[in-house]
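A short write-up of the structure that comes next.
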Amino acid sequence: MKEFTVLLPCLNEADSLAFVIGEAAAEIARLGLDAEILVSDNGSTDGSPEIAAAAGARIVHAEPRGYGAALLCGIAAAEGKYVIMGDADGSYDFSDLAPFTENLRAGYALVMGNRFRGGIEPGAMPLLHRLGVPALSWLARLRCGAPVGDFHCGLRGFDRERALSLGLQCTGMEFATEIITAFAKSGAKITEVPTKLRRDRRGGKRSHLRTFRDGWRHLKFIMGMK
């Protein structure tokens, strides 16, 4: 059993994966954490699992496809008391995990990153996302009361056992909203910390995020909340 698991959902991230694992490993060493790095691979065909293993990460294979499916598989397989998850494309800064570890240890069940407070590198977020994310976050906050300004930030930490008890089931991108609303409705302590967003290291490959499709899935989930 570890104190922390750094969880990376992965689908064909060969261009960035070694960098992200190396950055996370350096931060784990700097902070002296009892932690593992776990890659939840979602069917990569570009050698990502082999790259992850060579970089020192543990691998789990998520059979169902989808962002949420990869995370659900990773959370179930994690050995850490706390899970800190983030994208494997290099867009999030894993060299500053202290705000997450400190708040988790202080008793917060969910610690969210906020890119609008931490800074967004030029070209890192399309204009439609700069407009849509705050709007969807406002609506979700109105519906569930979570003190979160950036519902779609991919860098976040949480208590693993609490997460497993929430009955999470979304397999797509809307998982990002589901986990926050579930924690909020459970009465869990939630806080938010500034997080930087960088240009990704995917070498110009198309993002896994589809603006209109995934935005609609988030909106449909939010409006369907009870």
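Counting only distance, with no hydrogens or angles, the side chain of Arg156 and the backbone of Leu110 share no donor-acceptor pair below 3.5 Å. Under the 3.5 Å distance criterion, the side-chain polar atoms of Asn12 are matched with a main-chain donor or acceptor of Thr45. Judged by distance alone, the side chain of Ser91 and the main-chain N or O of Leu197 form no donor-acceptor pair under 3.5 Å. For Glu27 (side chain) and Phe94 (main-chain N/O), no donor-acceptor pair under 3.5 Å exists by modelled atom type. Of the possible donor and acceptor atoms, none in the side chain of Glu13 sits under 3.5 Å from a partner among the backbone N and O of Ser48.
What you find for Ala146 and Ile190 is that their closest heavy atoms are CB-CD1, 4.4 Å. Nearest heavy atoms, Leu72 versus Cys170: CD1-O, 3.8 Å. Heavy atoms only, all atoms of each residue included: Gly74 and Leu38 are closest at O-CD2, 3.4 Å. The shortest heavy-atom contact between Pro64 and Asn42 is O-ND2, 2.7 Å. Taking each heavy atom of Ala52 and Val39 in turn, the nearest pair found is CB-CG2, 3.8 Å.
Counting non-hydrogen atoms of neighbouring residues, nucleotides and ligands closer than 6.0 angstrom, the CD atom of Glu121 exceeds 12 such neighbours. Enclosure of atom OH in Tyr108 is not indicated, since only 12 or fewer non-hydrogen atoms of other residues, nucleotides or ligands lie within 6.0 angstrom. At most 12 non-hydrogen atoms from other residues, nucleotides or ligands lie less than 6.0 angstrom from CZ of Arg199.
Ring geometry, Phe4 versus Tyr82: the interplanar angle falls from 30° to 60°, so the pair is classed tilted.
With no hydrogens or angles considered, a side-chain donor-acceptor pair links Glu36 and Thr5 at under 3.5 Å.
Between Arg141 and Glu192 there is no salt bridge, since no side-chain N of the basic residue sits under 4.0 Å from a carboxylate O of the acidic one. Look at Glu102 and Arg105 and you find no salt bridge, because none of the NZ, NE, NH1 or NH2 atoms lies under 4.0 Å from a carboxylate O.
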